[in-house]
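I have placed the structure first, in the form of structure tokens, so that the comments after it can refer back to it.
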Number of protein chains: 2
Amino acid sequence: MTEQAPTLLDVAREAGVSAATASRALNGSTRTVSAEKLNLVLQAAARLGYAPNLSAQATARGSTKTVALIVHDIADPYFSSIAAGIVDGAEAAGLTVTMAVTGRSPDRELEIVSILRGHRPHAIVLAGSRIGDDQEALADELSAYRAAGGRVAVVSQPGLPYGTVTIDNRRGADELADALVAHGYRRFAILRGPDVLHTSRDRAEGFTAGLARAGLEPVETVEAEFTEDGGHAAMSGLLDRGRGEVELVFAVNDVMAIGAMRALRDAGLVPGRDLAIAGFDDIPAAVDVDPALTTVAVPMRKMGRRAIELALAETEEPELVRLPTSVVLRGSTPRR
Amino acid sequence: MTEQAPTLLDVAREAGVSAATASRALNGSTRTVSAEKLNLVLQAAARLGYAPNLSAQATARGSTKTVALIVHDIADPYFSSIAAGIVDGAEAAGLTVTMAVTGRSPDRELEIVSILRGHRPHAIVLAGSRIGDDQEALADELSAYRAAGGRVAVVSQPGLPYGTVTIDNRRGADELADALVAHGYRRFAILRGPDVLHTSRDRAEGFTAGLARAGLEPVETVEAEFTEDGGHAAMSGLLDRGRGEVELVFAVNDVMAIGAMRALRDAGLVPGRDLAIAGFDDIPAAVDVDPALTTVAVPMRKMGRRAIELALAETEEPELVRLPTSVVLRGSTPRR
DNA sequence: GTGAAAGCGCTAACAT
DNA sequence: ATGTTAGCGCTTTCAC
């Protein structure tokens, strides 16, 4: 049967007023319409089940009430926590969140930004570290959006000329190394992600720098995918080759660390006792594994919230917000 | 400085053609415009960094290329897995996903559906079991949307007159009970969620039914929040009161089960050895905990994909798809 | 194949 | 306070 959705004109007609009045009553600044007609319109709208056509509203006004969020993988707890913060913040500002997923493909990301731009969102938020340094095309796309009055915020990856909320990955990893050395560890392996990921690189380097201050260096470095399976595979490989003298494995994120713990157990070893493990992020699952995972706590949800604030703020200068991290020592790295 | 974003007219002018031709070249059915002008337009568009205004397109066409997704909590692995499937499916169909989060509040959910309806999405997908039976207002809102030609699909909760993809919660729990009895367990406690959640109720009842066939009944039933903290609190409570003769605790979802395991460890007990635990869903973390969690596998990602297909399918009759579950026995329920 | 013109549902001057 | 009238950027008849 599919009748059309009722339009503003239907409501106006039903209420016996002009479209303009109906518009003012329903969406405008309320104050300019008499209580009487206001009621008439409201009731007519309710009777008809009217919902304003946001697209039409957007074309007419030239702006939308949405913020577009770009993440790499929504099922990844790191991103979904950030997303949760963003949704919170957006909701507080009366904005709807639209979301797109890149699957970590730079091409796809570029395409997505282009499509999203078409939605003319109030703001675009990029979450998660970009891939590689070759971001010219992306930067162009974003600056076109920016030039047209759009707002951009970036979570996690500094270096883009927009409001950015991030953490100090180097420092966090450095402090972790410190704490671990203080716990008596001396022989470390690093499980890092693909080198093109800034996050991975910074954390690995920070950790190495921390060790260096104690006159140490990593016994071994293994590269793997930035996922749980990546961590599992890398740890399995390490064990196959013989882990030698390694006492502790630092994985550059918790997801990888948890994958590594699983590999350890699969090999009949006990994480923490036979080999210590540390991660980075403090995702919710970090306290669910046994032993609980030593890690660097990243305030993911707060980062999301802050990103929205940055995007919405009317500043000329791109602001860089660095949220503090903290080392959290847990059972996966017992004192030696 | 904020120049305006280039419009179709700008492109047309730049290419020396009419707006109509530009429109046809950029978005229409390609075939009706000469190769020559097509190129002209394409180049002009590229030069200007043109991105079509999707809102204007939507008002003109009367339809959008978006699907709206409503979830309770995006940080919950259950929902984010479903969301991932939906994003996959939508992407395959060339649709953008917009997302809103209810925080499990029925009022908020109603409000969201109303707002979303204003976006005139191609389809609305509701993910996660609804709260309570009092869904009249929600049903009204949805049927207004439906009447205007919108498509609706529901994940997880049967009972709404729309295409639905779900699992047989009763049966899954029933089979789990069977398997656990076969493993030698006799004394069970059930950790259930709020009774208003169908999912929780069905799983608890199915489990009880399974036990009944073996001439057993649950020793105890504890109600808690449907979250990890809820599971933790409930288990702590159970331990405080003395768990008596209970051999195995069945939590109606993995998140609660994992919370319960954590409570167990907090109390100095070893999950699996001192007290067996089983959950439901098979979220990714189920294999990360130690011992790995016995559970009922739910194909969450596939459910999301299937939901999009249902929503997009042109069927009159609301279809009900029940995806199969399977019992997965792991270390948290060793054979007795 | 291409352009002119009307219209999508709404908002925002501009009148009154 | 309310109605009239232009648009917003795009698509889509309808002629040529």
Side-chain angles (χ1 to χ4, degrees), chain A residues 3-42 44-45 48-66 115 117-121 148-150, chain B residues 3-42 44-45 48-66 115 117-121 148-150:
Chain A
E3 338 139 19
Q4 280 308 302
T7 74
L8 184 64
L9 232 109
D10 295 328
V11 175
R13 212 173 289 133
E14 172 92 6
V17 301
S18 76
T21 302
S23 170
R24 290 189 270 251
L26 260 14
N27 316 309
S29 41
T30 315
R31 275 278 158 264
T32 47
V33 47
S34 72
E36 183 192 12
K37 306 227 162 194
L38 197 158
N39 253 316
L40 244 40
V41 174
L42 258 32
L48 264 37
Y50 170 77
N53 183 325
L54 265 27
S55 292
Q57 220 168 260
T59 31
R61 285 210 261 248
S63 72
T64 58
K65 291 290 223 170
T66 66
I115 294 178
R117 200 147 71 78
H119 280 114
R120 303 284 188 278
Chain B
E3 340 140 19
Q4 279 310 299
T7 73
L8 185 63
L9 234 108
D10 295 327
V11 176
R13 211 173 290 131
E14 171 92 5
V17 300
S18 75
T21 301
S23 168
R24 288 190 272 250
L26 260 15
N27 317 308
S29 40
T30 313
R31 275 277 157 265
T32 46
V33 46
S34 70
E36 182 192 11
K37 307 224 161 192
L38 198 157
N39 253 318
L40 244 42
V41 174
L42 258 32
L48 265 37
Y50 170 77
N53 183 324
L54 266 24
S55 291
Q57 220 166 260
T59 29
R61 287 211 261 249
S63 72
T64 57
K65 290 292 225 169
T66 66
I115 295 177
R117 199 146 72 78
H119 280 112
R120 304 285 188 276

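Chain A is the first sequence line, chain B the second, and so forth, proteins listed ahead of strands; every chain is numbered from 1. Side chains included, hydrogens not; waters and symmetry mates left out as well; all remaining heavy atoms used.
When each of B/Ala56 and A/Asn27 is assigned the nucleotide of DNA chain C bearing its nearest heavy atom, the one mapping closer to the 5' terminus is B/Ala56.
For B/Val17, whose side chain is taken as the heavy atoms from C-beta onward, the closest listed nucleotide among C/dG3, D/dG3, D/dT11 is C/dG3. If you check C/dA12, C/dC10, D/dG9 against the side chain of A/Ala20, the one that comes closest is C/dA12. In this structure, the nucleotide among D/dG3, D/dG9, C/dT11 sitting nearest to the side chain of B/Asn53 is D/dG9. Listed nucleotides: D/dG3, D/dT11, C/dT2. Nearest to the side chain of B/Arg24: C/dT2. Listed candidates were D/dT2, C/dG3, C/dT11. Nearest to the side chain of A/Ala60 is C/dT11.
The phosphate of D/dC10 has neither OP1 nor OP2 within less than 4.0 Å of any side-chain N or O from B/Thr59. Listed pair A/Thr7 / C/dG9 fails the phosphate criterion, with no side-chain N or O lying under 4.0 Å from OP1 or OP2. Under 4.0 angstrom from either OP1 or OP2 of D/dG3 there lies at least one side-chain N or O belonging to A/Thr21.
The base of D/dG9 does not come close enough to the side chain of A/Arg120 for any donor and acceptor atom to sit less than 3.5 Å apart. In this model, no side-chain donor or acceptor of B/Arg61 finds a partner on the base of D/dG9 within 3.5 Å.
Whole-Å rounding puts the A/Leu54 CG to C/dC8 C1' distance at 15 Å. Atoms CD (A/Gln4) and C1' (C/dG9) sit 11 Å apart, rounded to a whole Å. In this entry the distance linking CD of B/Gln57 with C1' of C/dC8 reads 13 Å, nearest Å. Rounded to a whole Å, the NZ atom of A/Lys65 is 17 Å from the P atom of C/dC10. Spacing between atom CG of A/Leu8 and atom P of D/dG7 amounts to 20 Å, rounded to whole angstrom units. Rounding to whole angstrom units, CG of residue B/Leu26 and C1' of D/dC10 are separated by 11 Å. Distance B/Leu40 CG to C/dG1 P: 17 Å, rounded to the nearest Å.
For the pair B/Val11/B/Glu14, no side-chain contact is recorded, criterion being any heavy-atom separation below 4.5 Å from C-beta on.
Residue contacts for A/Ser34: at a heavy-atom cut-off of 4.0 Å it reaches the sugar-phosphate backbone alone, with no base atom in range.
Distance check, rounded to the nearest 0.5 Å: NE2 of A/His119 to OG1 of B/Thr66 gives 6.0 Å.
Remark: A/Arg117 engages A/Glu141 in a salt bridge (Lys or Arg N to Asp or Glu O under 4.0 Å) (not counting sequence neighbours).
With hydrogens and angles disregarded, no donor-acceptor distance shorter than 3.5 Å links the side chain of B/Asn39 to the backbone of B/Glu36. Under a 3.5 Å cut-off, the side chain of B/Ser55 and the backbone N or O of A/Thr59 do not form any donor-acceptor pair.
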